[in-house]
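Note on naming: letters A, B, ... go to the chains in the order of the sequence lines (proteins, then strands), and numbering restarts at 1 for each one.
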Protein chains: 2
Amino acid sequence: MEIGDRKKKILTAVIDEYIATAEPVGSKSIVESGVLDLSSATIRNEMAELTAMGFLEQPHTSAGRIPSPQGYRLYVNELMERQRLSIDEADAINDSLSQKMKQLDKMMSDVGKLASSMTHYPAVALAAPVASTIKRFDLIYVDFNTFIAVAMLSNDSVHNKLIHLPFSVDQGMIVRLASVFNTNFVGIQEEKITPTLIGSAERACGDTMGLVSVIAAFAIDTLGKAKEGQSYVTGETHLLRLPEFRDPDKAREVMSYLSDSEHLLGLPNDGSDDDIQVIIGPENVAKELKDSSVVIARYNAGDNMKGIIGIVGPTRMDYSGVAAKLRYIAEGLSHVLAMPEAPRGFEKLQIKEMNTNGHKEDV
Amino acid sequence: MEIGDRKKKILTAVIDEYIATAEPVGSKSIVESGVLDLSSATIRNEMAELTAMGFLEQPHTSAGRIPSPQGYRLYVNELMERQRLSIDEADAINDSLSQKMKQLDKMMSDVGKLASSMTHYPAVALAAPVASTIKRFDLIYVDFNTFIAVAMLSNDSVHNKLIHLPFSVDQGMIVRLASVFNTNFVGIQEEKITPTLIGSAERACGDTMGLVSVIAAFAIDTLGKAKEGQSYVTGETHLLRLPEFRDPDKAREVMSYLSDSEHLLGLPNDGSDDDIQVIIGPENVAKELKDSSVVIARYNAGDNMKGIIGIVGPTRMDYSGVAAKLRYIAEGLSHVLAMPEAPRGFEKLQIKEMNTNGHKEDV
DNA sequence: AATTAGCACTCAGAAGGCGAGAGTGCCAGC
DNA sequence: GCTGGCACTCTCGCCTTCTGAGTGCTAATT
């Protein structure tokens with residue numbers, strides 16, 4: 001079924017209007033918007049056809065039209081303009097991004113906050129799970145019965161744990177342990193750390209007191225943590241401002257769904273990598289989001305990490321504005337995080353920061 | 001103004017009923033509840049007096065009574081029974097607590113989840129800010145231009161950072177740096193790390209490339225992070241289930257307030273240490289919580305850390321049940337976290353965990 | 001053939017009126 | 001001092017009515 005040029009214009013006008021007002025749009029307001037120089041009767045005829053074709057819906061006979069999911073889909077795919085950000089908006093994002101991006105988790109929630117406050121919709125920040133291995137092990141002797149275990153993972157993140165023992169160990173043992181771990185536990189997957197492996201490591205360094213077990217537990221824990229994706233949700237309260245979520249039960253349904261990270265981590269790991277992805281209403285797999293839309297942007301968070309930032313809102317969403325903002329944020333992030341020359345990125349920032357504090361530094 | 005025994009019974013009955021139903025309580029339902037063998041007329045007279053005294057309120061002339069904040073206050077202070085948890089509830093809490101309490105931040109959000117799911121109200125988990133100093137420094141040489149900085153704080157938490165340089169350093173320099181930091185930067189407060197100190201440290205180890213600055217920045221960052229309190233909010237959506245938050249604007253007001261951690265960290269740092277604290281409606285400093293109540297429990301999260309766990313709900317809250325649950329959780333936590341013999345606690349758990357996984361271990 | 005003006009029709013939502021019911025306050029009697 | 005009784009008040013739910021926005025269709029116009 002072909003859809004003519006004029007119909008497209010009308011559809012666009014209806015959607016723009018509906019996004020702005022949340023009220024069904026009548027033929028008259030289209031005329032008044034002035035995009036087409038036609039009488040309301042003609043518009044009515046066209047709208048009737050658009051309804052028949054499934055792009056518009058009618059809440060009841062004597063009301064205006066609202067866009068159907070299919071209508072939104074067409075809008076998102078073809079009709080909507082690629083919005084540019086205002087200078088203020090771009091500045092706001094740049095400011096936030098250039099600020100200290102301390103640690104990954106902190107950063108993720110900050111990015112979520114940024115996205116949510118820019119769009120006025122709830123934002124979801126996800127870190128895609130990554131299967132890592134341990135790259136190197138270090139044990140720092142602190143005390144006769146205390147040491148620090150440090151593990152650096154294949155994605156160059158570093159984790160540590162203070163280990164406190166109910167008995168004493170000598171420094172030699174610590175060194176031996178470290179070397180055994182560096183030979184036996186480096187480069188293997190979490191599942192490969194088996195009791196058998198632990199047993200042989202124990203024999204290798206003469207450990208009879210379970211030290212190997214303790215450190216292995218740390219390793220498993222660390223790897224497990226790296227593997228499980230993380231998610232942050234911010235700005236849920238924006239939902240309550242929207243007329244479509246005036247009903248607390250509806251709001252609660254969506255908000256509960258969002259606050260359970262289990263759900264979120266499952267969903268959106270496929271999809272084209274570089275551009276914005278829009279999921280409209282019933283296109284969502286989760287029934288809780290059947291009346292909501294999701295806009296997703298992806299970015300590379302350096303070293304094997306993929307980040308996802310998503311916005312959740314009603315199907316009547318300012319797709320074009322949200323997409324523009326997300327795109328800008330995601331691009332900015334990829335840029336900041338994965339600088340080509342110094343892939344670990346973070347330190348570069350740090351040094352810069354010190355620079356502005358007035359200490360000398362040549363980078 | 002003295003308040004008689006009978007009045008107290010009536011007040012208690014009104015509050016209990018109101019907590020259960022959220023509807024104004026009439027004299028008849030008090031009679032039917034059977035706590036007093038009096039006619040409704042007598043109850044009516046008493047209720048009129050309670051109203052005059054300010055313990056009850058009347059939404060309108062021909063409605064029943066609802067408790068005033070003052071009424072709740074009396075109820076919480078004197079009247080309500082110390083509820084015991086059911087075995088199931090206690091078990092549920094015990095189970096959750098005995099599970100892996102990985103890291104502090106993870107733990108905090110877990111505790112919040114626990115409290116929220118037990119009480120069906122939103123929960124706030126706070127870690128009181130602690131001023132720390134650095135206890136020891138270690139630098140691990142990784143690569144010609146990469147090393148890991150490890151700092152152990154006075155509260156025995158360990159932090160690390162991978163530092164990647166745009167130039168190369170030799171291992172001797174790393175060792176020198178570590179020793180300088182261990183002499184000059186240990187035991188001092190964040191504010192004391194001044195450009196002057198950094199300058200002298202640079203001279204002490206012959207650093208002309210800003211290495212000291214980079215590491216000092218890490219130190220400042222770490223100390224800063226330890227100093228800033230953390231907060232997690234969970235289960236906000238429970239609010240939407242309550243009749244007093246059917247109005248999305250009310251719900252949004254409270255939820256927005258909660259989701260801004262700035263607010264939370266300010267409030268509840270005083271107060272008696274060991275028992276439950278209840279803040280009723282207008283007793284709240286924050287105007288956003290004027291119609292809500294907060295129940296707070298404190299616990300010791302080991303090593304200088306104080307934890308706070310709070311529940312936010314309508315003034316019509318199941319104070320007794322919530323208090324009982326929070327008390328149990330807080331006591332359990334203090335217990336688990338601050339074991340007298342091995343104050344660092346976590347490892348003990350870890351070892352146990354390994355044990356149950358079938359590895360030998362004598363603790 | 002496409003567009004438009006005109007008109008009858010539909011239907012949600014606001015406004016108003018009514019009755020039921022829950023609860024009160026007070027009084028007179030026990 | 002307590003209680004039964006009674007008149008009074010006020011909210012809430014229900015029904016009806018009314019209004020107006022918007023439609024679909026037809027006949028006239030370009």
Engineer: Would Lys113(A) and Asp260(B) pass as an ion pair if we require N to O under 4.0 Å?
Structural biologist: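 Answer for the salt bridge query: no.
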Engineer: Could you please name the option among dT23(D), dT9(D), dA5(C) that lies closest to any side-chain atom of Met47(A)?
Structural biologist: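 Per side-chain heavy atoms of Met47(A), the pick is dT23(D).
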Engineer: Rounded to whole Å, please give me the gap between CZ in Arg65(B) and P in dA22(C).
Structural biologist: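 It is 17 Å, rounded to the nearest whole Å.
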Engineer: Looking at every strand, decide which applies to Thr61(A) at a 4.0 Å heavy-atom threshold: base, sugar-phosphate, or nothing.
Structural biologist: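 It contacts sugar-phosphate atoms only.
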Engineer: Can you identify which nucleotide, out of dG24(D), dG22(D), dG5(D), has its nearest atom closest to the Ser62(A) side chain?
Structural biologist: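 Closest nucleotide to the Ser62(A) side chain: dG22(D).
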Engineer: Just the rounded figure in Å: distance from P of dG1(D) to NZ of Lys7(B).
Structural biologist: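 Value for this atom pair: 11 Å.
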Engineer: Roughly, in whole Å, what's the span from CD1 in Ile66(A) to P in dT23(D)?
Structural biologist: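 From Ile66(A) CD1 to dT23(D) P: 13 Å.
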Engineer: Just checking Ser27(B): base, sugar-phosphate only, or nothing, at a heavy-atom cut-off of under 4.0 Å?
Structural biologist: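 Sugar-phosphate: the residue Ser27(B), judged by heavy atoms under 4.0 Å, touches backbone atoms but no base.
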Engineer: Provide, to the nearest angstrom, the distance between the CD1 atom belonging to Ile30(A) and the C1' atom belonging to dT23(D).
Structural biologist: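 Nearest whole value for this atom pair: 14 Å.
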Engineer: Whole Å only: how far is the CG atom of Leu50(B) from the P atom of dT24(C)?
Structural biologist: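 So the CG-P distance, Leu50(B) to dT24(C), works out to 12 Å.
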Engineer: Whole-Å distance between dA12(C) P and Gln58(A) CD?
Structural biologist: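 Computing the Gln58(A):CD to dA12(C):P distance gives 11 Å.
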Engineer: What is the distance from CD1 of Ile43(A) to P of dC25(D), rounded to the nearest Å?
Structural biologist: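 Rounded to whole Å, this separation is 17 Å.
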Engineer: Among the candidates dA21(D), dC10(D), dT3(D), find the nucleotide nearest to the side-chain atoms of Ser39(B).
Structural biologist: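 Closest nucleotide to the Ser39(B) side chain: dT3(D).
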Engineer: Within the 4.5 Å heavy-atom criterion, are Tyr121(B) and Val295(B) side-chain neighbours or not?
Structural biologist: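 The answer is no, as the side chains (C-beta and beyond) never meet within the 4.5 Å cut-off.
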Engineer: Round to a whole Å and report the spacing from CG of Leu56(B) to P of dG25(C).
Structural biologist: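 Value for this atom pair: 11 Å.
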Engineer: Consider the side chain of Arg44(A), meaning its heavy atoms from C-beta on, and name the nucleotide among dT4(C), dG5(D), dC7(C) that approaches it most closely.
Structural biologist: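 Nearest to the side chain of Arg44(A) among the choices is dC7(C).
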Engineer: Strictly below 4.0 Å, N to O, side chains only: are Arg65(A) and Glu57(A) in salt-bridge contact?
Structural biologist: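 Not counted as a salt bridge, because no side-chain N and carboxylate O are separated by less than 4.0 Å.
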Engineer: Nearest of dG25(C), dT11(D), dC26(C) to any side-chain atom of His60(B)?
Structural biologist: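 Of the options given, the side chain of His60(B) lies nearest dT11(D).
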Engineer: Check whether any side-chain nitrogen or oxygen of Arg6(A) sits under 4.0 Å from OP1 or OP2 of dT3(C), and answer yes or no.
Structural biologist: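 True: Arg6(A) side-chain N/O within range (under 4.0 Å) of dT3(C) OP1/OP2.
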Engineer: Do you know the tightest heavy-atom contact between Glu283(B) and Val278(B)?
Structural biologist: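 Where Glu283(B) meets Val278(B) most closely, the heavy atoms are OE1-O, 3.9 Å.
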Engineer: Look at the side chain of Ala48(A) and decide which nucleotide, out of dT4(C), dG24(D), dG4(D), has an atom nearest to it.
Structural biologist: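 Closest of the options to the side chain of Ala48(A): dG24(D).
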Engineer: Within the structure provided, determine whether Asp291(A) and Thr315(A) are in side-chain contact (heavy-atom separation under 4.5 Å).
Structural biologist: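 No, too far: nothing below the 4.5 Å cut-off.
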